[in-house]
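We use all heavy atoms of the structure for the numbers below, so side chains are in, but hydrogens, waters and symmetry mates are not. Keep in mind that this is a model prediction, so the values were computed, not measured. First listed ligand is number 1; within each ligand, the first listed atom is number 1.
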Amino acid sequence: MKIGILISGSGSNMIKLIESCQNSKNAFIEIVISNNPDAKGIEYAKLKNIKTKVIDHKEFSEREDFDNKVHEVLLENNVDFLCNAGFMRIHGEKFVEKWFNKHLNIHPSLLPSFKGLNTHERAIKSGVKFAGCTVHLVRSGVDEGPIIGQAITSIDINDDKISLAEKVLKLEHKLYPKCLKLFTDKLVKVKNNKIIFSDKAIEVLNDFKV
Ligand code: GRF
C-alpha cells in the first residue's frame, strides 16, 4: 500500500509512521505533502529520501482548488491511502469523498470530546480527569469519523496545557502506527460506517487497554 502523509508542522507523528513502515512488507511511504513551506517535518522526510511536496494553501483562493491540487499530486504518485499527521487544514466535502475509508486523522483528545483547536487547555479547564488521543477515519465534519483507536492518560492536578500535550503526544506516537497497520495489513473492515475489528486487530491495539 502506498501511503501519502499530510503535515503542517513538526511532523513528529509523521516520523513515527515513517519508522513503522520501514519494517512493514505491506506499507510504503510514497510522499509527504505539507501546506506549510516552513514545516520542519519536510526536512526529516527529505533526509529519509522520501519524496516531499509543499502545496502552500495561501496560493489558492478557494479551499476546493487547494484540495484538488493535493488530490492531483496524490494521484500522480499512485497513493492508495492517506494519513493526516498534524495537518491543520480542513478538507472540503469532495476531497473527503474521494478518500472515503482510505484516510486517517489523529486528534489529541478523546473524541468526541474537544474537537478542534486548543484541546488540552479546554480539557484542563473543563475539569475532566482523563485525556488522550484518537485515530479516526476522516469524514467531512471536523474531527469526526469512525474511531479506530484511542489511548488515554490521566490529567493530574499539576498538569498544564504543555505537560498534558507532551503526555498525549507520546501516546499519539504509539497509537498512530498501530492504527495505520490495521489498514495496511487488512486487519479491519469498514461496513456501514462501522469498523469491524479482526482478532488480530484487537491484539494489535491491546497495549492501550487500561
Ligand atoms: C499533535 O498533537 C497532533 O495531533 C496535532 O498537532 C500536534 C503536533 O503534531 N494535530 P506533529 O508533531 O506535527 O505530528
Close-contact set for ligand 1 against [X] heavy atoms, below 4.0 Å:
X      : answer
Ser10  : 11 (P), 12 (O), 13 (O)
Leu169 : 1 (C), 2 (O)
Glu172 : 1 (C), 2 (O), 3 (C), 4 (O)
Gly86  : 10 (N)

After noting the C-alpha distance and the side-chain angles of Lys167 and Asp156, does the key distance pass the salt bridge (Lys or Arg N to Asp or Glu O under 4.0 Å) rule?
CA-CA 11 Å; Lys167 289 202 285 193; Asp156 301 322; 3.1 Å; yes

Nearest protein heavy atom with distance in Å, relative to [atom]:
atom                    : result
atom 12 (O) of ligand 1 : Ser12 OG, 2.5 Å
atom 13 (O) of ligand 1 : Gly11 N, 2.9 Å
atom 9 (O) of ligand 1  : Asn13 ND2, 3.8 Å

His71 ring center within less than 6.0 Å of Trp99 ring center
yes

Enumerate donor-acceptor pairs with a distance under 3.5 Å from any side-chain N or O in residues 142-153 to protein atoms, sequence neighbours excluded.
from   : atom 1 : to     : atom 2 : distance (Å)
Asp143 : OD1    : Asn105 : ND2    : 3.4
Asp143 : OD1    : His107 : ND1    : 3.4
Asp143 : OD2    : His107 : ND1    : 3.2
Asp143 : OD2    : Gly116 : N      : 2.7
Glu144 : OE2    : Lys115 : NZ     : 3.1
Gln150 : NE2    : Leu111 : O      : 2.9
Gln150 : NE2    : Thr134 : OG1    : 2.9

Once you restrict to heavy atoms under 4.0 Å, what part of Ile7 touches ligand 1? Side chain, backbone, both or neither.
neither

Result for side chain to side chain donor-acceptor pair (under 3.5 Å) between Ser8 and one of Asn35, Asn84, Asp38 points to Asn35

Which ILVMFWY residues can you reach from Ile124 by hopping between side chains whose heavy atoms are under 4.5 Å apart?
Phe114, Val128, Ile155, Leu164, Val168

Would you call Ile31 and Ile50 a side-chain contact if the rule is heavy atoms closer than 4.5 Å?
no

